[in-house]
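Here the structure comes first, spelled out in structure tokens, and everything after it is commentary.
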Number of protein chains: 2
Amino acid sequence: MPDPDQTYLLDRQVGYLMRRANQRHLALFAQGIPELTPTQFAALARLCQSGQASQNALGRATSMDAATIKGVIDRLRRKGYVAATPDPGDNRRILLEPTPEGRAAFDRLAPLAHGITAATLAPLSPAERKAFLDLLERLC
Amino acid sequence: MPDPDQTYLLDRQVGYLMRRANQRHLALFAQGIPELTPTQFAALARLCQSGQASQNALGRATSMDAATIKGVIDRLRRKGYVAATPDPGDNRRILLEPTPEGRAAFDRLAPLAHGITAATLAPLSPAERKAFLDLLERLC
DNA sequence: CTCACACTGTTTGTATACGAACAAGATCGA
DNA sequence: TCGATCTTGTTCGTATACAAACAGTGTGAG
């Protein structure tokens, strides 16, 4: 009889559980906000709340590497939510700013995003939700 | 002064935190087990523990849709860890089985995978780790 | 027995995600 | 001022992930 502590239990591994919990969250998000992905919404939210940022700086502020943030911003620009202008003080940089449509979209969607977070955490009691977020925050 | 409960706080949204915690986990996994991705390892683990499965069934058992599991299995076959034979009882199906190399790799890597789970949860106390996994499990 | 339906694996298109390499621009020490 | 070094944005390659469409196969109700 093998030691149960040594048996590999896929269903109790953090990585596997996080992947599945995230799948559920992504489905809820896509259902609640079909026009933007969670990643795009995160970038838009940060930009609306910080006002202005270079592309790579926004990437760092939202945990996306340079290659990833590029695609995300390309799509937000194509949707007309983000405007880009060259930085007069640094010719390498692109200054990003939300357009009025981008700000309006964020204001309209933020309550929905709150609802999606609530729906994701719905299986937990209010106290458990706070405990879970606190623990999760420490794993970043 | 805006109601702080209505303000959108990106850093307290489950989706954003799960994405970041998962990034940290993926980095730990890639460092500890460079030869396989977490997804590939999950598929191999399930196959080693179930013995045999069709491609789509294995996908369902590991929460991957048909398109995703195909690529994962293609790569595991290319590495020589999984063998595929046509199912004699159903001409649509492909029967998958771990190769001896696949079993050996799983036996060798399972302890490392355990260590990666431990490293991911390292910021938490033992009691917090169990609490976190229990809560996370309920969000799938 | 048939035929509608379900299921299998495949392909295409889109969207993260990251490593690696690159050119152009900025910066700072010697 | 010059040059090593860093930063910025870009591109390429690889790997999940999922929706949608597809052809081939199996199955069960009538």
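All figures in this text were calculated on a predicted structure; none of them were measured in a lab. Here is the naming used below: chain letters follow the sequence lines, and residue numbers restart at 1 for every chain.
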- Query: Under a 4.0 Å heavy-atom cut-off, which of residues 12-26 of chain B touch DNA chain C?
  - Reply: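 Only B:Arg19, B:Gln23 qualify.
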
- In residues 60-74 of chain B, what residues come within less than 4.0 Å of DNA chain C, judged by heavy atoms?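 Residues of residues 60-74 of chain B under 4.0 Å from DNA chain C: B:Arg60, B:Ala66, B:Ala67, B:Lys70.
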
In residues 61-69 of chain A, what donor-acceptor pairs under 3.5 Å come from side-chain atoms, sequence neighbours left out?
unit_1: A:Thr62; atom_1: OG1; unit_2: A:Leu58; atom_2: O; d: 2.7
unit_1: A:Thr62; atom_1: OG1; unit_2: A:Gly59; atom_2: O; d: 3.3
unit_1: A:Asp65; atom_1: OD1; unit_2: A:Ala67; atom_2: N; d: 3.3
unit_1: A:Asp65; atom_1: OD1; unit_2: A:Thr68; atom_2: N; d: 2.8
unit_1: A:Asp65; atom_1: OD1; unit_2: A:Thr68; atom_2: OG1; d: 2.8

Separation of [N] [atom2] from [X] [atom1] (nearest whole Å):
| X | N | atom1 | atom2 | result |
| --- | --- | --- | --- | --- |
| A:Arg93 | D:dT7 | CZ | C1' | 8 Å |
| A:Leu96 | D:dT8 | CG | P | 13 Å |
| A:Arg92 | D:dT8 | CZ | P | 6 Å |

- Earliest and latest nucleotide of DNA chain C, 5' to 3', sitting under 4.0 Å from a non-hydrogen atom of chain B?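 First and last nucleotides in contact are C:dC7 to C:dC18.
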
- Query: Residues from residues 40-51 of chain A sitting under 4.0 Å of DNA chain D, heavy atoms only?
  - Reply: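 Going residue by residue through residues 40-51 of chain A, none turns out to have a heavy atom under 4.0 Å of DNA chain D.
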
- Is there a side-chain contact between B:Leu133 and A:Val14 (heavy atoms, below 4.5 Å)?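 Contact flag for B:Leu133/A:Val14 side chains = yes.
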
- Candidates D:dT25, D:dT7, D:dG9 - which lies nearest the side chain of A:Ile94: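 Among D:dT25, D:dT7, D:dG9, the one nearest the side chain of A:Ile94 is D:dG9.
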
- Task: Using atom types as modelled and distance alone, determine if a side-chain donor or acceptor of B:Thr99 lies under 3.5 Å from a backbone N or O of B:Ala83.
- Result: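 No: the side chain of B:Thr99 does not pair with the backbone of B:Ala83.
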
Among pairs that include at least one residue of [range], which meet side chain to side chain donor-acceptor pair (under 3.5 Å), considering only residues two or more places apart or in two chains?
| range | value |
| --- | --- |
| residues 32-41 of chain B | B:Glu35-B:Tyr81, B:Glu35-B:Arg108 |
| residues 125-140 of chain B | A:Arg12-B:Asp134, A:Arg12-B:Glu137, A:Glu128-B:Arg138, A:Arg138-B:Glu128, B:Ser125-B:Glu128, B:Lys130-B:Asp134 |
| residues 70-79 of chain B | B:Lys70-B:Asp74 |

Interatomic spacing from [atom1] in [X] to [atom2] in [Y] - rounded to 0.5 Å:
| X | Y | atom1 | atom2 | answer |
| --- | --- | --- | --- | --- |
| A:Ile116 | A:Thr120 | CD1 | OG1 | 7.5 Å |
| A:Asp90 | A:Ser54 | CG | OG | 8.5 Å |
| A:Leu136 | B:Phe132 | CG | CZ | 5.0 Å |

- Sequence neighbours excluded, which residues qualify as side chain to side chain contact (heavy atoms under 4.5 Å, CB included) partners of B:Pro123?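 A:Leu139, B:Arg24.
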
- Message: Among residues at least two apart in sequence or on other chains, which ones pass side-chain hydrogen bond (donor to acceptor under 3.5 Å, both in side chains) with B:Gln49?
- Response: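 For B:Gln49, no residue satisfies side-chain hydrogen bond (donor to acceptor under 3.5 Å, both in side chains) once neighbours in sequence are set aside.
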
- Query: Just checking B:Asn56: base, sugar-phosphate only, or nothing, at a heavy-atom cut-off of under 4.0 Å?
  - Reply: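 Counting heavy atoms under 4.0 Å across all strands, the contact made by B:Asn56 includes a base.
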
- Item | N/O (side chain, B:Thr39) to phosphate O (OP1/OP2, D:dT16) under 4.0 Å |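 Looking at the OP1 and OP2 atoms of D:dT16, one of them is under 4.0 Å from a side-chain N or O of B:Thr39.
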
- Task: Keeping to residues at least two apart or across chains, list the ring-ring contact (aromatic ring centres under 6.0 Å, His included) pairs with something in residues 18-76 of chain B.
- Result: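 Checked against ring-ring contact (aromatic ring centres under 6.0 Å, His included) - neighbours excluded - the pairs reaching residues 18-76 of chain B are A:Tyr8-B:Phe41, B:Phe41-B:Phe106.
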
- End-to-end axis angle, where each axis spans five pairs of the helix from C:dC1-D:dG30 to C:dA30-D:dT1, to 10°: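 Here the local axes at opposite ends form an angle of 20°.
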
